[in-house]
Amino acid sequence: SLLTRTTLFVGLRGSPHARVDFAAFSHRRIERDARESDQAELGYFVVRDPVVHGKYDLVRREQTPIDLEPQKGGIVQILAEDIETFELRYLDATTAQWTDNWDSTRTTGQPARIPLAVHIRLVLKGVPNGKPYVFVTKVMLPIQRPLSFGIPR
């Protein structure tokens, strides 16, 4: 049961759409005295619109409680419609380099480490014959090592 409480961060480069899944303390309890944790799995990725051909939407997935399948389950909500690209890059504090992929769960990735920052680039399609809308930001992450409850380091 301790495996389900290990913090993870997995970001995969896609062309033209990236995907990131991670554990966070961001779940909001809505019902009074609900027996829920503030821990949740979050994922941000792009899906094809089932109704409109050629349309893609950026979605957010939240699953609580955390389980052993960090990229499945939960509630999916649309964040942005009709996007062109969703790109993510991750700043490695050890090498001071930006990388396109991150995996804190594999020994061939960045084992037991969280990126220092995430660079996000989202491009939305503009109105017909108009320029696309480009949004770019960097987000600093407040922790660098995954939390491990009850697992000695």
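Along the sequence shown, residues are numbered consecutively beginning with 1.
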**Study point:** For Gln97, side-chain contact (heavy atoms from CB on, under 4.5 Å) partners two or more places apart
**Key:**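 Per chain and number, Gln97 pairs via side-chain contact (heavy atoms from CB on, under 4.5 Å) with Thr95.
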
Shortest non-hydrogen contact from [X] to [Y]?
X: Glu62; Y: Ala40; value: OE2-CB, 3.7 Å
X: Gly109; Y: Pro111; value: O-CD, 3.3 Å
X: Leu141; Y: Pro115; value: CD1-O, 3.2 Å
X: Val134; Y: Val136; value: CG1-CG2, 3.9 Å

Find out if a path of hydrophobic residues (ILVMFWY) with successive side-chain heavy-atom gaps under 4.5 Å connects [X] to [Y].
X: Val139; Y: Tyr90; value: yes
X: Tyr44; Y: Val123; value: no
X: Leu58; Y: Val20; value: yes

**Study point:** Check: Phe9 main-chain N/O paired with Ser104 side-chain donor or acceptor under 3.5 Å
**Key:**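 Yes, Ser104 side chain to Phe9 backbone: donor-acceptor pair under 3.5 Å.
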
Please enumerate all residues that pass side-chain hydrogen bond (donor to acceptor under 3.5 Å, both in side chains) together with [X], with sequence neighbours excluded.
X: Thr105; answer: Asp103
X: Asp57; answer: none
X: Glu81; answer: Lys55

Exercise for review: List for me each residue that meets ring pair (Phe, Tyr, Trp, His ring centres under 6.0 Å) alongside Phe86, sequence neighbours excluded, and say none if there are none.
Suggested key: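 Applying ring pair (Phe, Tyr, Trp, His ring centres under 6.0 Å) to Phe86 gives none.
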
Practice item. Could I get the full list of salt bridge (Lys or Arg N to Asp or Glu O under 4.0 Å) partners for Arg19, not counting sequence neighbours? Key: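 Expected list: Asp21.
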
Rounded distance [0.5 Å steps], [atom1] in [X] versus [atom2] in [Y]:
X: Lys125; Y: Thr85; atom1: NZ; atom2: OG1; result: 11.0 Å
X: Thr64; Y: Ile75; atom1: OG1; atom2: CD1; result: 9.5 Å
X: Leu42; Y: Gln63; atom1: CG; atom2: CD; result: 10.5 Å
X: Gln110; Y: Thr99; atom1: CD; atom2: OG1; result: 6.0 Å

**Study point:** Within residues 125-145 or reaching into it, pairs that qualify as ring pair (Phe, Tyr, Trp, His ring centres under 6.0 Å) - sequence neighbours excluded
**Key:**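 The answer is none; no pair qualifies.
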
Point to revise | Sequence neighbours excluded - ring pair (Phe, Tyr, Trp, His ring centres under 6.0 Å) pairs with any residue from residues 50-76 | key: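 Only His17-Tyr56 qualify under ring pair (Phe, Tyr, Trp, His ring centres under 6.0 Å).
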
Side-chain heavy atoms under 4.5 Å apart, restricted to Ile/Leu/Val/Met/Phe/Trp/Tyr: what other residues fall into the cluster of [X], or is it alone?
X: Val52; answer: Val51
X: Trp98; answer: Leu91, Leu116, Met140
X: Val76; answer: Phe45, Val47, Val59, Ile78

Practice item. Using a strict cut-off of less than 4.0 Å between a Lys/Arg side-chain nitrogen and an Asp/Glu carboxylate oxygen, indicate whether Glu41 and Arg61 qualify as a salt bridge. Key: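 Counted as a salt bridge, because a side-chain N and a carboxylate O are separated by less than 4.0 Å.
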
Check your understanding: Applying salt bridge (Lys or Arg N to Asp or Glu O under 4.0 Å), which residue pairs with at least one partner in residues 92-102 are found, sequence neighbours left out?
Key ->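 For residues 92-102: Arg13-Asp100, Arg89-Asp100, Asp92-Arg113.
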
